[in-house]
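Taking it in order: structure first as structure tokens, then the write-up.
Here is how names work: the chains are called A, B, and so on, in the same order as the sequence lines, proteins then strands, and each is numbered from 1.
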Amino acid sequence: MDKHYDPKAIEAKWYPIWENSGFFKPTGQGEPWSMVIPPPNVTGILHMGHALNDTIQDVLARWRRMQGRDVLWVPGTDHAGIATQNVVEKALRKEGKRRQDLGREAFVERVWEWRKQYGGTIVRQLRSLGCSCDWSHERFTMDEGLSRAVAEVFCKMYDEDLIYRGNYIVNWCPRCGTALADDEVEHEANHGHLWHIRYPVVGSALGVKGKPYEDYIMVATTRPETLPGDTAVAVNPKDERYLHLHGKSVMLPLSGREIPVIADDYVEREFGTGIVKITPAHDPNDFQVGKRHGLEEINIMNGDGTMNALAGPKYDGMDRFDCRKAIVEDLDAGGFLDHVEDDDNQVGHCYRCHTVIESRLSPQWFVRMKPLAVKAVEAVRSGAITFSPKRYEQTYFNWMENIRDWCISRQIWWGHRIPVYYCDCGHQWAAPERPAKCPKCGAASIRQDEDVLDTWFSSWLWPFSTLGWPDKTADLARYYPTADLCTAPDIIFFWVARMIMAGCKFMGDVPFRNVVLHGVVRDEQGRKMSKSLGNSLDPLKIIEEFSADSLRFSLMQTTAPGIDVYISMNKFEIGRNFGTKIWNVARFIDMYATQHGASATQLDASALQAAQIAALGRDEITLDPALLTDDDRCILAQADDMVATVTGWLEKYRFQDAALAIYDFVWSKFCDWHVEGAKSALNSADPAARLQALKILYFVFGRALRVVHPFMPFLTEELWHQMGFCGEGETVMRAAWPRALTDAERESWGVSPEVVAYVESKRELITAGRALRTQYGIAPSKAAHFIVVAASGDVRDRLSRDAAMIAGFLRAEPLEIVASADVGGMPGTAVSVGSIHLPLAGLVDIPAELAKIGAELDKNKKFLAGVVAKLSNEGFVSRAPANVVEQQRQRKVELEAEIARLDALAATLRKAE
RNA sequence: GGGCGCUUAGCUCAGUUGGUUAGAGCAUUACCUUCACACGGUAGGGGUCACUGGUUCGAGUCCAGUAGCGCCCACCA
């Protein structure tokens, strides 16, 4: 076996072999288990969030596959309407062109070309992570099939009146030139101003320029540039201060237009002056107020964020923020500006380009969400879908219960074009395919709606559109609903909730059984990793510097459910070091099987046949009980426990706990203790003992390798082959997840918790002995002489069997093991250096030990009193579990014995002095 | 404004339904290049579990309150 672990070579080697061998494809045999990948943006490059998300999924997929499930993991990418259009537009700009110069058709063609050339980046990167997706099932949200699903769904909902078109105020990105859904707007704190502006009351004496009007009301606004669009000012109807204004009118500054004062509950009396200017075309609240009061909607802005003619000739064509300045200056000059206050508020930004959002009145398409939400809420309430961790279900409910209609139209070119057609007679209908003529009037001159659909309108169908819907495919029948959906909590509203709605509506069944929510990946300062912040650690660089396996393992052992992950470079050392450790112990085991003849005590070539090793990798093993040591029994039990524990954690989606259990087993239990202890047997003069020790190493390590595999697929595959657990053309990917030991095995081998307890206490003894060596400064090269004082004759006999091994650990001369009764009732360890022999207890600080024991007793005093009381108080028994009482009682006895022992020892020592 | 979460060793975090001595990794101290591994081994040091009160035989864990931090949602112009 290779001496050096070269992850790069290994990782480069295995992925193509796996893919070409069809190991990622479902077998069609066994119970189906499926999952769809959250499709990354086709423009995307792999970031830590993907690395975490996709590693979790791969762990699940590989684990389920090893459990014999028929695993289908569907990969794919999202066409990411605005993001992709932006990228291509940027490229065009370098050529000095705008998309309008190309025209719609040519532009879309250009985007497809871009996708062909660059769209595969993220998909390649997923491969370098080791993701075991079935690439033959790869889908793209703009694929022909998925586009059909989109059109089908749109038309169905259109016909059911679940989709409507309306002139509504929407979030508008002036830079992207399109509407955005509510959740595509990111609100950020803004240190702004509150301008206090005087609106003269109509009928009052008008002032002169530069001087305040005699009779005016004070309106506070954060957006003075919208003033030309005002069509009213509003007060709270219950506000006594302004009762006299009801029914009056005021004059709009600068234009002199007369607008009414209205009363509406929406106005907060406490904020600002208690008077609000109402601009129905440029503020969502004002829009609602305007509807209630029948106000005119004056749109004073263009789609690109500049003012239009309705803003007034002076401001026409001016950018909105320049206009703000100009209007404030003009208000000031006209004597309308009273004063300015600082004001901290929230301002919406485009989630794509971070431009400040404008509220804009425009004709848009909407989905009625309330009817869809009912079943989707029920699906989670009934437990048909669970969230892990469960607390996110509450987040989901809150959103669903306050759900608002979904604006699905976007004024861009890249995406699914809205399948609605119009004829010249004014007929309007939806159809999946472009019809030849109007179905109502037969007119041949028809045109399609110009808008495209929100990208999420294809994503929300992903769990069934990728399986072939609307066709009734075999995939759909076999793999829907999927098992798990993994994502970060920030996407519950965008995507998870909508998929549940779509699944319930169009499939009549939930899209997945469980939603696995993992944390958001953040940097050391707790910031979300993002390209714009430049703080993202590039997973590919980590893979380059460490390895994909290191990255994967480190991520898994760092991520607690639903808790954000804080990442720094040194995290990846954990995975790297663990990989190296596994490699080295494998090399050690392998060495004993293959480097026969190198020394007389090592195994000969016939010791462990290839076929036997392969069988051990299938958990097939026969052992000679006569040759078993307690250490063997212990590691067999611990390996069994580890497998059960890891399986349990994976079932609960506790990847961190699973990773830690594996790490602890492999490193601490297996390498640090069992392998070290097995060295004496491996070098024993008895060939049968050597063989059995080696068999156990292969068996236990083979089990560990398989459990590690979902976390570190490349390394484990390489070792699985190099150590001979399988032959060419085979794979650990398809090896069975380790089974539990049978009762018969446990019985015939004497595997029991009691043996584990003995071995563990023996290890404590060794640790104590090592501590003595350190304490006495005995050089590691120097053999010390230990006298082990056993608690009883039975223990003495047991320790005597392990004497050689213990001596090996302690680098000691042959041990002297005596029962405590033989040396005056003082159990413990003794050490001798040169000719001086001291019992262990004689080495400790007696007064300090007594104080420690005293503190212990003190701590337990209350409870011990309870134990005593228990004898006469039946009520106590029912409250404290019997085993706990028993434990405490034993502890009390031990403590008392300890005190007595130390007392006796102190006396002995005093006498000796 | 509403909702959720966090606060445990110098740092990053575990700690299932309350139950023996609160753990891990990194960092740190000492010793060791011993025939798998220095990306290693051995032995250590380091914690009033944010604070206050309560329930309990027993609280890091449950309850109430306080403080600080973070996230999500939201139309105070």
Would you mind classifying the nucleic acid contact of [X] as base, sugar-phosphate or nothing, using non-hydrogen atoms under 4.0 angstrom?
{"X": "A/Y266", "result": "base"}
{"X": "A/A771", "result": "sugar-phosphate"}
{"X": "A/G575", "result": "nothing"}
{"X": "A/D672", "result": "sugar-phosphate"}
{"X": "A/T222", "result": "sugar-phosphate"}
{"X": "A/T774", "result": "sugar-phosphate"}
{"X": "A/R223", "result": "nothing"}
{"X": "A/T767", "result": "sugar-phosphate"}
{"X": "A/K277", "result": "nothing"}

Given the [atom1] atoms of [N] and [M], what is the spacing between them in whole Å?
{"N": "B/C51", "M": "B/A59", "atom1": "P", "value": "15 Å"}
{"N": "B/C39", "M": "B/U34", "atom1": "P", "value": "15 Å"}
{"N": "B/A27", "M": "B/A74", "atom1": "P", "value": "44 Å"}
{"N": "B/G23", "M": "B/C69", "atom1": "C1'", "value": "25 Å"}
{"N": "B/G60", "M": "B/U16", "atom1": "C1'", "value": "14 Å"}
{"N": "B/A64", "M": "B/C4", "atom1": "P", "value": "12 Å"}
{"N": "B/G41", "M": "B/C35", "atom1": "P", "value": "15 Å"}
{"N": "B/G44", "M": "B/A22", "atom1": "P", "value": "16 Å"}

Which of the following nucleotides, [options], is nearest to the side chain of [X]?
{"X": "A/R654", "options": "B/G15, B/A36, B/A43", "value": "B/G15"}
{"X": "A/V267", "options": "B/G41, B/C37, B/A77", "value": "B/A77"}
{"X": "A/T221", "options": "B/C37, B/C73, B/A77", "value": "B/A77"}
{"X": "A/N398", "options": "B/G3, B/G40, B/U12", "value": "B/G3"}
{"X": "A/V585", "options": "B/C39, B/A36, B/C75", "value": "B/A36"}
{"X": "A/K652", "options": "B/A36, B/U16, B/C73", "value": "B/U16"}

Could you state the [atom1]-[atom2] distance from [X] to [N], rounded to the nearest angstrom?
{"X": "A/R773", "N": "B/A43", "atom1": "CZ", "atom2": "C1'", "answer": "12 Å"}
{"X": "A/E573", "N": "B/A38", "atom1": "CD", "atom2": "C1'", "answer": "13 Å"}
{"X": "A/F670", "N": "B/G41", "atom1": "CZ", "atom2": "C1'", "answer": "17 Å"}
{"X": "A/F572", "N": "B/C26", "atom1": "CZ", "atom2": "P", "answer": "15 Å"}
{"X": "A/L555", "N": "B/G25", "atom1": "CG", "atom2": "P", "answer": "19 Å"}
{"X": "A/R587", "N": "B/C37", "atom1": "CZ", "atom2": "P", "answer": "6 Å"}
{"X": "A/Y663", "N": "B/C13", "atom1": "OH", "atom2": "C1'", "answer": "14 Å"}
{"X": "A/L660", "N": "B/A14", "atom1": "CG", "atom2": "C1'", "answer": "7 Å"}

Of the options A/I217, A/V340, A/I275, A/T221, which is the one that meets A/I197 in a side-chain contact (heavy atoms from CB on, under 4.5 Å)? A/T221
Tell me whether the side-chain N/O atoms of [X] come closer than 4.0 Å to OP1 or OP2 in [N].
{"X": "A/R391", "N": "B/C4", "answer": "no"}
{"X": "A/N577", "N": "B/G25", "answer": "no"}
{"X": "A/K571", "N": "B/C11", "answer": "no"}
{"X": "A/W667", "N": "B/G41", "answer": "yes"}
{"X": "A/R404", "N": "B/C75", "answer": "yes"}

Given that both distances must come in under 3.5 Å, which nucleotide forms a Watson-Crick or G-U wobble pair with B/G58? none
Could you please name the partner base of B/A77, counting Watson-Crick and G-U wobble pairs only when both distances are under 3.5 Å? none
Please evaluate the base of B/A36 for a donor-acceptor partner in the side chain of A/E676 within a cut-off of under 3.5 Å? yes
Rounded to the nearest 0.5 Å, what separates atom CZ in A/R292 from atom CZ in A/F287? 11.5 Å
Comparing A/T395 with A/T273, nearest RNA chain B nucleotide closer to 5' gives the residue A/T395
In terms of the angle between their ring planes, are A/F553 and A/F578 parallel, tilted or perpendicular, with boundaries placed at 30° and 60°? tilted
Is the closest basic N to carboxylate O distance between [X] and [Y] below 4.0 Å?
{"X": "A/E225", "Y": "A/R223", "value": "yes"}
{"X": "A/D6", "Y": "A/K8", "value": "no"}
{"X": "A/E393", "Y": "A/K390", "value": "yes"}

Ring of A/W649 versus six-membered ring of B/U16: centres under 5.5 Å and planes under 30°? yes
If you compare all heavy atoms of A/I169 against all heavy atoms of A/H282, which two are closest, and at what distance to 0.1 Å? CD1-N, 3.7 Å
At their closest point, which heavy atom of A/I10 faces which heavy atom of A/W583, and how far apart are they? CD1-CZ3, 3.8 Å
